[in-house]
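Order of the sequence lines fixes the chain letters, A, B, ..., with proteins taken first and strands second; residue numbering starts at 1 for each chain.
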Number of protein chains: 2
Amino acid sequence: MTYAKGMTAATKARSQAELASVLRVAVMRLARRLRSEREDDSLTLNQLSAMGTLAGHGQVTLGDLAAAEMVQPPSMTRIVTNLEERGLVIREPDPGDRRLVLVRLTDAGAELLAANRRRRDAWLNRQLRELTPDEREALRRAAVVLEKLARS
Amino acid sequence: MTYAKGMTAATKARSQAELASVLRVAVMRLARRLRSEREDDSLTLNQLSAMGTLAGHGQVTLGDLAAAEMVQPPSMTRIVTNLEERGLVIREPDPGDRRLVLVRLTDAGAELLAANRRRRDAWLNRQLRELTPDEREALRRAAVVLEKLARS
DNA sequence: TATTGTTATACTCTATAACTATA
DNA sequence: TATAGTTATAGAGTATAACAATA
C-alpha cells in the first residue's frame, strides 16, 4: 500500500477504528465551517432546511414536510407562515382533499436558496484552489464514498 | 489521470466547481447523520460542544469558553451551571485573579464524552466495514485534506 | 369517527441590560 | 474606573393539548 505526499496525518489513521475517529472529526468540523457561510442570517437553519427539502420535491403537504424535517406540525405551521410572509413559499389547498395544505417554493424562494448554495460553493471553491492536484483528486475519489455513507 | 472502480458518480464532479458542490452536499449529509447518533439526548448540542472544547483545553475561563462556543457569557453561565449540577464539569476560582472562574471537565464528564464519541465511532465503523478496501483507502487519503479544509 | 392543519399555552434557550465582586 | 461573571427580563423557537374543518 503506497501513500501519496502529505500523508503524515493520514498515516495515523492506519487502523479502521482510527479512520472512523479521524474522519468523523474532520467531517463534523468541515460541516460546521460550511454552515457558517450562511447567506445573511435572516433565515434560521430550520427555515433554510425546509426550503431545501421543498426544492427537491415540488409540492409537499405540510405534515409530510414536518415529518421530513423531524419537527411537529405546529412548528412547521409557524415556519411556513413565516416563509410565506416573506414570499418564499406558497400554501395551496389540495384540490382532491381540502384538509391538506400543499406547500411549494416560489421563484423568489428558489432563487434565494440558489444564492445561498452559490455562496457556500464559492467559499469551498476558493479553498479547493489552494490545494494540490493530488489533494483535489483525493477529495474527488472520496466524495462518492461520503455520499454513500451519508445515505446508509 | 486514472480512476478507480466505482467512480460513476465521481466522474460527474469533473470540474472543480462541481466537486465543490458534490463535496458540500456529501459532507453536510454525513455530518447530519453522525449528529443523529448522539448518546441519549439528555444533553443539548451546545452542552456537548462546550464539553468537547473543555476536553481539549483542561482549564478554561468561563468567558473564553463562551467566546470559543460563540455564545454570550450569560448563556455560558447557564450551560455551565447545568453541567455542574450533573457533575460533568467543575467551577473553580482562579487563584491569581478571583474575578475569573475556571471550568474543567470532571472524570464523569470526560467519561460521558468518551462514551458519546465511542458510540458515534461505532456506527461509522460498522459502515466502514461494508465498504471495499479501495473505498476505505479513498477515505483515508481524503481525511487529512478534509481536516485541512476545516481549519482554513 | 378519523385525520389534517391551526390556535392556545407552556417551556427551553438565547440575548441585552443591570448588578455584584474583584482588580 | 474597568473587568468577569451572575441575575433579571424579554424575545425566538419548539412542543403538547385543545380546537376547527374536512373526509
Side-chain angles (χ1 to χ4, degrees), chain A residues 32 35-36 38-54 57-86 88-106 109, chain B residues 32 35-36 38-54 57-86 88-106 109:
Chain A
R32 187 172 184 170
R35 202 176 315 123
S36 75
R38 199 162 23 128
E39 182 69 344
D40 54 54
D41 294 47
S42 68
L43 293 178
T44 67
L45 284 174
N46 274 349
Q47 290 171 331
L48 275 173
S49 179
M51 288 176 64
T53 297
L54 287 176
H57 292 82
Q59 283 190 320
V60 180
T61 69
L62 192 141
D64 285 349
L65 189 54
E69 294 296 310
M70 310 255 275
V71 160
Q72 294 305 308
S75 300
M76 189 49 71
T77 290
R78 186 190 175 98
I79 290 168
V80 167
T81 298
N82 195 318
L83 292 175
E84 194 176 33
E85 284 166 356
R86 295 164 187 259
L88 301 175
V89 306
I90 295 185
R91 270 190 179 87
E92 289 165 326
D94 183 304
D97 183 341
R98 295 220 304 276
R99 292 174 304 182
L100 301 176
V101 169
L102 295 172
V103 186
R104 67 174 173 79
L105 279 184
T106 62
Chain B
R32 186 171 185 171
R35 202 176 316 122
S36 73
R38 201 163 20 128
E39 181 69 346
D40 55 54
D41 293 47
S42 69
L43 293 178
T44 67
L45 284 174
N46 275 348
Q47 291 172 332
L48 274 174
S49 179
M51 287 175 66
T53 296
L54 287 176
H57 292 80
Q59 281 191 322
V60 180
T61 69
L62 192 141
D64 286 349
L65 188 54
E69 294 296 309
M70 310 255 275
V71 161
Q72 294 304 309
S75 299
M76 189 48 72
T77 289
R78 186 190 175 97
I79 290 168
V80 168
T81 297
N82 194 319
L83 291 175
E84 195 176 33
E85 283 168 355
R86 295 164 187 259
L88 302 174
V89 306
I90 294 184
R91 271 189 179 87
E92 289 165 325
D94 184 303
D97 182 343
R98 295 220 305 275
R99 293 174 303 179
L100 300 176
V101 169
L102 296 172
V103 186
R104 68 173 173 80
L105 278 184
T106 62

Donor-acceptor pair present, A:R99 side chain and C:dT3 base, under 3.5 Å: yes
Nearest-neighbour nucleotide for the B:V71 side chain, D:dA15, C:dA15, D:dG5 considered: C:dA15
Between A:N82 and A:R78, a side-chain donor and acceptor under 3.5 Å: no
Other residues, nucleotides, ligands: >12 heavy atoms within 6.0 Å of B:R32 CZ: no
Test log, rule side-chain contact (heavy atoms from CB on, under 4.5 Å), inputs B:T61 and B:D94: CA-CA 8 Å; B:T61 69; B:D94 184 303; 5.5 Å; no
Touch class at under 4.0 angstrom, heavy-atom based, for B:T61 against every strand present: sugar-phosphate
Gap between atoms CG and C1', on A:D94 and D:dA23 respectively (whole Å): 12 Å
Atom-pair distance (CG on A:L83; C1' on D:dG13), nearest Å: 14 Å
A:Q72 CD to C:dC11 P, straight-line distance once rounded to whole Å: 18 Å
Interatomic distance, A:N46 CG vs C:dC13 C1' [rounded to whole Å]: 14 Å
Nucleotide nearest A:D97 when distance is taken to its side chain, options C:dT14, D:dT22, D:dT14: D:dT22
Phosphate OP1/OP2 of D:dT6: any B:T77 side-chain N/O under 4.0 Å: yes
For atom CG of A:L102 and atom C1' of D:dT22, their distance in whole Å: 15 Å
Selection from C:dT14, C:dA17, C:dT7 that lies nearest to any side-chain heavy atom of B:P74: C:dA17
Side-chain N or O of B:S75 closer than 4.0 Å to phosphate OP1/OP2 of C:dC13: no
Spacing of B:E69 atom CD relative to C:dT14 atom P, expressed in whole Å: 11 Å
Given D:dG13, C:dT6, C:dC13, the nucleotide with the shortest approach to the side chain of B:R78: C:dC13
Verdict with reasoning, B:L65 to B:I79, per side-chain contact (heavy atoms from CB on, under 4.5 Å): CA-CA 11 Å; B:L65 188 54; B:I79 290 168; over 6 Å; no
Full working for side-chain contact (heavy atoms from CB on, under 4.5 Å) between A:M51 and A:L43: CA-CA 10 Å; A:M51 288 176 64; A:L43 293 178; 4.0 Å; yes
Interatomic distance where CD belongs to A:E84 and P belongs to C:dG5 [whole Å]: 14 Å
Side-chain N,O (B:R98) to OP1/OP2 (D:dT3) below 4.0 Å: no
Nearest-nucleotide pick for B:V101, side chain only, options being C:dG5, D:dT16, D:dG5: D:dG5
Between D:dA4 (C1') and B:L100 (CG): distance, integer Å: 6 Å
